[in-house]
Structure formats: structure tokens, C-alpha cells
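All heavy atoms count here, side chains included; hydrogens, waters and symmetry mates do not. For the single chain, residues carry numbers from 1 onward in sequence order.
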Amino acid sequence: MPHRPLATWEVTMAATVAAVLFGLALIFELFGISLEGLVTPTTLALAGLTALALHVAGYGSGRGGWRRGRS
């Protein structure tokens, strides 16, 4: 089965989520914001790192992640 070309939003989705989370973490840290101990800059940074790791692994890109070889 031939692969269809990926749309730009499919390729960058997890990376965009990571960037937004890192930006929120920076804003929370600069202004000392914490939402009742549940959402802190550290929480957002770890969520951003998770999204970045998923992007690097290929998830969120429409490629199916860790697939190798021919199907």
C-alpha cells in the first residue's frame, strides 16, 4: 500500500504541542503561577518533554510510530 503525502499539520502536531507546553511553563515560571499545586511549571515542562519525545519517535506525525520495513 503506497503512503500518502503527509500534510504539514500532521508532521508538526506533537512538536507544536511541545512548544505550547514549554511556552506555558515559561510564563508560569516567570509570573509565579501555580494552579493549586496541580499544574506547575515543572508539570508543564515534563508534559512538553513527553510531547517532544513522542514527536521524535514519530508519533503524532501520521506515520504510525515505530514501524519498520515493509507491511
#### Entry: Sequence neighbours excluded - side chain to side chain donor-acceptor pair (under 3.5 Å) pairs with any residue from residues 38-47
Thr40-Thr43
### Message
Are Ile27 and Val20 linked, directly or through intermediate hydrophobic residues, by side-chain heavy-atom contacts shorter than 4.5 Å (ILVMFWY only)?
### Response
yes
### Query
Should Leu54 and Leu21 be regarded as members of a common hydrophobic cluster, given that ILVMFWY residues are connected when their side-chain heavy atoms come within less than 4.5 Å of each other, either directly or indirectly?
no
### Task
Identify, with sequence neighbours excluded, every residue that meets side chain to side chain contact (heavy atoms under 4.5 Å, CB included) alongside Ala51.
Val17, Ala18
#### Entry: Nearest-0.5 Å distance that lies between atom CG in Leu44 and atom CG in Leu49
11.0 Å
Under 3.5 Å, which donor-acceptor pairs link side chains of residues 28-38 to any protein atom two or more places apart or in another chain?
none

